[in-house]
Amino acid sequence: MNHQKSLLPYPSNGIRLLKGSFIFPEVLTIAFQDSCFPERAPFFQEYIRGALGMEVVLGDESNNPVLLVNEKNDVLDEEGYLLEVTPVGCTLASGSWRGIFTGLQTYIQLAKSNKTLQCCKISDYPALSWRGLMLDVARSFCPLEELLGIIDTMALYKLNVLHWHVSDDQGWRFPVDGYPALLSEKHGYYSKEEISYVVSYAENRNIMVVPEVDMPGHMIAALSAYPNLSCTGGPFTIPTGEGIFRDILCVGKSETIVFAKKVVDTLCLLFPSPYIHLGGDEIPLDRWETCPDCQHRMQELGCRDEKALLGWFCNEIASYAREKGKSTILWSDYVDASYDSTIITQVWNPLLGKHRRTHSDRQVIKSDYFHSYLDMSYALVPLSRVYRYGKTVQKDTKRNKKVVGAELLLWTEYLDTREKREAHLYPRLLAGAESFWTKDPLLRYSRFKRSLEHVMKQVLGKQSGLPEPSSWDPLLLVQCKERRARRKRVNRNSKEAGITL
């Protein structure tokens with residue numbers, strides 16, 4: 001068997017097979033040529049040791065290392081790499097440590113596949129620059145150990161953005177100085193030290209952590225702790241399950257603006273990413289219509305209606321974040337020409353008009369509901385649709401250079417155990433990982449499914465509750481029925497939230 005064919009994602013330039021074979025030794029010696037990323041050498045040594053479960057030692061170029069790492073500046077993409085397997089050893093080259101790391105994932109997969117490999121050359125680079133997973137830890141808390149395991153899987157399959165949804169109506173998961181009541185030991189949260197550890201852990205694995213705090217809607221957890229930030233004064237009960245709730249931040253009050261900016265301060269302090277996500281979706285404006293404070297703010301600003309007040313709030317907080325060196329991402333629900341042009345939109349709603357879906361005048365991240373929502377059943381989001389979505393987004397990037405990439409989304413209103421989360425993540429996360437990385441001409445669903453047979457056993461074998469292959473792609477009639485019913489639901493929820501379709 002040619003074990004290179006089981007690589008996932010499949011290399012964007014394919015695989016050039018050569019004569020001869022390479023046999024992995026019992027001890028793996030790594031050498032970093034000259035001054036090639038010396039500060040990363042100890043980490044790479046420990047990383048490979050942990051991934052392969054074998055002895056790994058650092059050597060030098062003169063001692064015929066099993067793996068020679070060198071810097072090659074003509075590898076144009078920052079995450080691109082060159083990997084050559086010869087009878088006497090392997091050479092891995094890139095112009096950046098990120099490229100070396102992504103190449104290491106290929107090397108690790110090869111090493112896990114078989115002790116004897118056919119010699120080959122692999123030239124590889126990503127199709128999309130933004131390849132993400134949104135993980136909702138607000139509705140259901142994700143323990144730290146599980147979270148780190150997800151990051152490890154993302155790294156192995158070359159995903160590079162963890163969009164970390166850390167607050168919502170159902171939970172607030174991180175500390176904000178001056179607002180201690182936001183946190184609940186009973187429901188779980190991450191300390192500042194834990195967040196810093198997650199960010200560092202991910203960064204070492206070429207994954208950028210982008211935090212999301214949804215505002216001014218999806219705020220019941222915060223309002224239950226600080227009802228003075230609402231229009232009505234509460235009291236509020238933290239909900240369970242899904243829903244669009246009418247109580248939101250009262251942006252007419254100065255103390256609310258102080259709170260929102262304090263949240264941004266905290267995000268800027270804890271997350272070095274140049275991006276923060278501030279939600280801005282599903283915001284019923286009923287409370288603002290009857291709130292004296294919000295109406296006074298509207299008059300003061302000359303806002304024609306509550307939607308204009310919403311635009312002012314989003315621009316105000318985005319401007320504050322920009323002063324601190326952060327670019328703001330918003331869900332695309334309400335974003336129009338009145339919003340700051342530097343705001344990046346994340347497009348999820350397939351029922352929005354064509355212009356609203358593309359937002360050709362600003363940067364865009366794609367996350368179509370019927371292709372990327374992994375909390376949905378396989379009947380609604382089958383494995384093949386997730387795989388095809390990467391092809392669609394790649395075509396979008398050719399038509400519109402503002403499209404930077406795509407994300408898969410895992411909302412957790414009903415995924416309250418690790419087993420449930422893993423059953424929804426795998427293998428669909430891997431379908432997205434390949435179709436976001438591998439160039440369109442080399443995407444082959446049939447080959448991908450054959451690769452899964454190896455991957456599910458060798459890499460994900462410890463997860464016993466994963467769905468059977470027979471459930472990955474239900475009958476087309478079943479899929480159509482599910483989508484038709486769900487479109488009605490999305491339409492109803494959008495109208496309830498005041499989103500113009």
Side-chain angles (χ1 to χ4, degrees), residues 1-34 36-37 40-72 75 80-94 97 99-125 152-153 155-158 205 430 434 437-438 442 447-448 450-462:
M1 176 186 176
N2 176 11
H3 296 280
Q4 283 90 335
K5 289 184 177 178
S6 66
L7 287 175
L8 203 162
Y10 194 73
S12 281
N13 276 335
I15 301 168
R16 180 186 169 194
L17 298 177
L18 305 173
K19 291 181 180 180
S21 60
F22 169 74
I23 301 174
F24 279 96
E26 293 299 319
V27 177
L28 198 158
T29 305
I30 311 174
F32 287 75
Q33 191 174 44
D34 300 327
C36 176
F37 320 114
R40 298 279 175 176
F43 170 75
F44 285 156
Q45 178 188 16
E46 290 303 313
Y47 184 85
I48 297 173
R49 178 182 289 151
L52 297 181
M54 63 187 296
E55 186 177 352
V56 180
V57 297
L58 292 176
D60 57 60
E61 185 181 356
S62 63
N63 292 331
N64 298 317
V66 177
L67 175 62
L68 176 64
V69 179
N70 62 60
E71 189 170 5
K72 192 174 179 65
V75 179
Y81 65 92
L82 302 172
L83 177 64
E84 183 172 3
V85 179
T86 74
V88 296
C90 304
T91 302
L92 174 60
S94 179
W97 78 263
I100 295 296
F101 184 81
T102 54
L104 275 179
Q105 307 316 303
T106 299
Y107 182 80
I108 287 168
Q109 287 188 39
L110 289 174
K112 282 187 172 184
S113 66
N114 202 281
K115 289 296 182 183
T116 302
L117 292 176
Q118 184 173 347
C119 294
C120 65
K121 280 187 177 181
I122 297 173
S123 172
D124 198 10
Y125 60 98
D152 284 335
T153 303
L156 183 59
Y157 298 108
K158 302 182 175 70
R205 288 155 179 78
L430 310 187
E434 175 154 300
W437 175 278
T438 307
L442 290 182
R447 185 201 59 239
F448 166 74
R450 288 194 298 271
S451 298
L452 277 182
E453 295 175 9
H454 167 77
V455 168
M456 297 289 273
K457 292 177 183 177
Q458 298 296 322
V459 182
L460 301 175
K462 62 183 182 296

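Everything quoted here is computed from the prediction, not taken from an experiment. Side-chain atoms are counted along with the backbone in the values below, which use heavy atoms only and exclude waters and symmetry mates.
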A side-chain contact here means heavy atoms from C-beta on lying under 4.5 Å apart; do [X] and [Y] qualify?
X    : Y    : result
L82  : K72  : yes
T91  : T86  : no
E434 : L430 : no

Please list, chain by chain and in numerical order, all residues satisfying side chain to side chain donor-acceptor pair (under 3.5 Å) with [X], sequence neighbours excluded.
X    : result
Y81  : T106, D124
N13  : S123
R450 : none

At their closest point, which heavy atom of [X] faces which heavy atom of [Y], and how far apart are they?
X    : Y    : value
V66  : V27  : CG2-O, 4.0 Å
S21  : C119 : N-SG, 3.5 Å
S113 : S6   : CB-OG, 4.5 Å
P65  : A31  : CG-CB, 3.6 Å
Y157 : L8   : CD2-O, 3.1 Å

Let me have the donor-acceptor pairs involving side chains of residues 41-55, under 3.5 Å, with sequence neighbours excluded, atom names and distances please.
residue	atom	partner	partner atom	Å
Q45	NE2	V56	O	2.9
E46	OE1	R49	NH1	3.2
E46	OE2	R49	NH1	2.3
Y47	OH	Q105	OE1	3.0
R49	NH2	V56	O	2.7

Distance check, rounded to the nearest 0.5 Å: [X] atom [atom1] versus [Y] atom [atom2]?
X    : Y    : atom1 : atom2 : answer
I23  : N114 : CD1   : CG    : 10.0 Å
K158 : W437 : NZ    : CH2   : 6.0 Å
L18  : Q118 : CG    : CD    : 8.0 Å
L92  : L83  : CG    : CG    : 6.0 Å

Q: For F24, enumerate each residue passing the ring-ring contact (aromatic ring centres under 6.0 Å, His included) test, keeping only those at least two apart in sequence or located in another chain.
A: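 By the ring-ring contact (aromatic ring centres under 6.0 Å, His included) rule, F24 matches F22, Y107.
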Q) What salt bridge (Lys or Arg N to Asp or Glu O under 4.0 Å) pairs are there with at least one residue in residues 7-32, not counting sequence neighbours? A)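 Of all non-adjacent pairs touching residues 7-32, none passes salt bridge (Lys or Arg N to Asp or Glu O under 4.0 Å).
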(Q) So if I apply the side-chain contact (heavy atoms from CB on, under 4.5 Å) rule between Q33 and each of L68, V69, D60, which one comes out positive? (A)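 The passing option is L68.
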Q. Given Y125 and T102, is the side-chain contact (heavy atoms from CB on, under 4.5 Å) satisfied, shown in steps?
A. CA-CA 9 Å; Y125 60 98; T102 54; over 6 Å; no
Q.
Between T438 (side chain only) and P9 (backbone N and O only), is there a donor and an acceptor less than 3.5 Å apart?
A.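 Answer holds: no.
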